[in-house]
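Remember, it's 1-based here, ligands and their atoms both numbered in the order they're listed. Please read all numbers here as calculations on a predicted model, not as lab measurements.
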Amino acid sequence: MAEHLASIFGTEKDRVNCPFYFKIGACRHGDRCSRLHNRPTISPTLLLPNLYQNPALNAPPGPDGLPMPVDARKSQEHFEDFYEDIFEEMDKYGQIEHLNVCDNLADHMVGNVYIKFVDEDAAARALQGLTGRFYAGRPIMIEFSPVTDFREATCRQYEENTCTRGGYCNFMHLRPISKGLRKDLFGRYKKKEHSRSRSRSKERRGDDKGRGRDRDRDGKGGKRESSAERRAKIAAWNKERAGGAEAGH
Ligand SMILES: [Zn+2]
Ligand SMILES: [Zn+2]
């Protein structure tokens with residue numbers, strides 16, 4: 001009996017638990033869902049719903065009344081700046097295993113950011129640290145997510161460019177980042193394993209210098225924000241928090 005229950009838990013056959021919430025951490029029915037959304041009280045994974053604001057979805061209308069097309073390169077730069085912002089902020093709380101951003105269009109998935117830490121204590125610290133803060137002028141929502149296996153949650157057809165459900169697919173369409181950025185960000189953990197004796201702060205300073213020289217990651221050209229500009233933007237997270245708190249009381 002117990003085995004039978006385990007095999008249907010979180011699947012379509014499970015009449016009690018919502019399979020979408022269980023696998024993807026988001027369900028289009030939200031709190032009105034007829035099945036249970038079992039919110040974990042602790043998890044290595046955090047969900048920041050709707051955090052990424054895709055400029056292509058908010059483009060101003062052109063002369064024909066349709067949203068103006070957004071340059072693909074600029075759009076990817078905008079996304080990668082966002083990705084780097086989130087990574088740097090989250091890295092303060094512990095080692096990041098996965099940072100995934102959804103390109104889906106449905107309300108419950110658009111711009112969702114999933115971040116899985118190597119250990120759940122780091123996730124708990126991040127949840128505490130980011131609760132009540134603002135990003136780009138909007139309050140940050142943040143919760144523990146039941147998602148721990150992204151292979152189960154991700155749309156395989158999308159990765160093969162054959163998903164016919166487009167932006168309204170119920171599985172995650174994860175927006176890719178360039179290999180250069182991935183190496184820049186996640187590469188630090190490999191370095192750390194080789195030089196555990198060096199202090200963390202020394203390492204961080206070294207990293208910043210390296211990245212400052214290496215802005216043009218893929219050799220495709222295009223000016224990215226300088227390190228100083230980026231640091232100012234991250235500092236603004238806290239200023240916005242202070243401003244938001246004043247406005248709220
Ligand atoms: Zn549901
Ligand atoms: Zn899909």
Side-chain angles (χ1 to χ4, degrees), residues 2-59 67 69-70 72-73 75-76 78-80 82-83 86 97-116 120 123-124 127 131 138-179 181-182:
E3 238 169 71
H4 175 68
L5 277 179
S7 72
I8 64 165
F9 189 84
T11 68
E12 291 289 348
K13 277 187 236 156
D14 187 340
R15 292 281 142 206
V16 180
N17 297 287
C18 172
F20 291 103
Y21 182 75
F22 179 68
K23 259 191 223 164
I24 290 131
C27 151
R28 67 194 166 98
H29 302 297
D31 293 338
R32 293 184 310 277
C33 186
S34 61
R35 299 191 213 180
L36 267 181
H37 290 187
N38 257 315
R39 281 205 180 198
T41 49
I42 180 86
S43 169
T45 310
L46 294 170
L47 164 63
L48 295 91
N50 310 129
L51 187 66
Y52 181 59
Q53 298 282 298
N54 188 342
L57 301 178
N58 302 304
V70 174
R73 191 173 53 80
S75 155
Q76 188 62 17
H78 181 274
F79 174 66
E80 293 197 355
F82 167 82
Y83 191 100
I86 302 300
E97 191 177 312
H98 294 287
L99 175 54
N100 290 325
V101 183
C102 289
D103 221 4
N104 302 63
L105 292 174
D107 288 344
H108 66 292
M109 289 179 84
V110 62
N112 279 9
V113 174
Y114 294 82
I115 173 149
K116 186 182 177 198
E120 52 189 31
L127 180 90
T131 298
R138 296 168 61 243
I140 295 174
M141 309 295 181
I142 187 161
E143 62 191 50
F144 284 123
S145 172
V147 179
T148 48
D149 184 353
F150 286 98
R151 284 168 309 180
E152 282 284 304
T154 305
C155 174
R156 287 185 191 97
Q157 286 84 5
Y158 177 72
E159 289 176 344
E160 291 157 9
N161 246 321
T162 57
C163 178
T164 53
R165 286 156 299 191
Y168 290 91
C169 181
N170 276 321
F171 288 88
M172 293 182 191
H173 285 189
L174 299 181
R175 186 156 178 177
I177 56 165
S178 68
K179 276 188 190 148
L181 180 58
R182 183 165 294 281

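The aromatic rings of Tyr52 and Phe82 lie tilted to each other, with the angle between the two planes from 30° to 60°.
Contact record, Glu143 with Gly25: OE2-O, 4.5 Å, taken as the closest heavy-atom pair. Looking at every heavy atom in both residues, Pro40 comes nearest to Ser145 through CG-C, 3.7 Å. Between Cys163 and Tyr158, the shortest heavy-atom distance links the atoms CB-N, 3.7 Å.
Taking the side chain as every heavy atom from C-beta outward, Arg182 and Tyr83 approach each other to under 4.5 Å. The side-chain heavy atoms of Ile42 and Phe144, taken from C-beta on, include a pair separated by under 4.5 Å.
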Determine, step by step, whether Arg165 and Cys155 satisfy the side chain to side chain contact (heavy atoms under 4.5 Å, CB included) criterion, reporting the C-alpha distance in whole Å, the side-chain angles of both residues, the deciding distance to 0.1 Å, and the verdict.
CA-CA 10 Å; Arg165 286 156 299 191; Cys155 174; 4.1 Å; yes
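Of all protein atoms, those of element N, O or S that lie under 2.8 Å from the Zn ion (ligand 1) number 4.
Here the straight-line distance linking atom NE2 of His37 with atom CG of Asp31 works out to 8.0 Å at 0.5 Å rounding.
Inspection of the environment of the Zn ion (ligand 2) yields the following protein N, O or S atoms under 2.8 Å: Cys155 SG, Cys163 SG, Cys169 SG, His173 NE2.
Of the N and O atoms on the side chains of Asn17 and Asn38, at least one donor lies less than 3.5 Å from an acceptor on the other residue.
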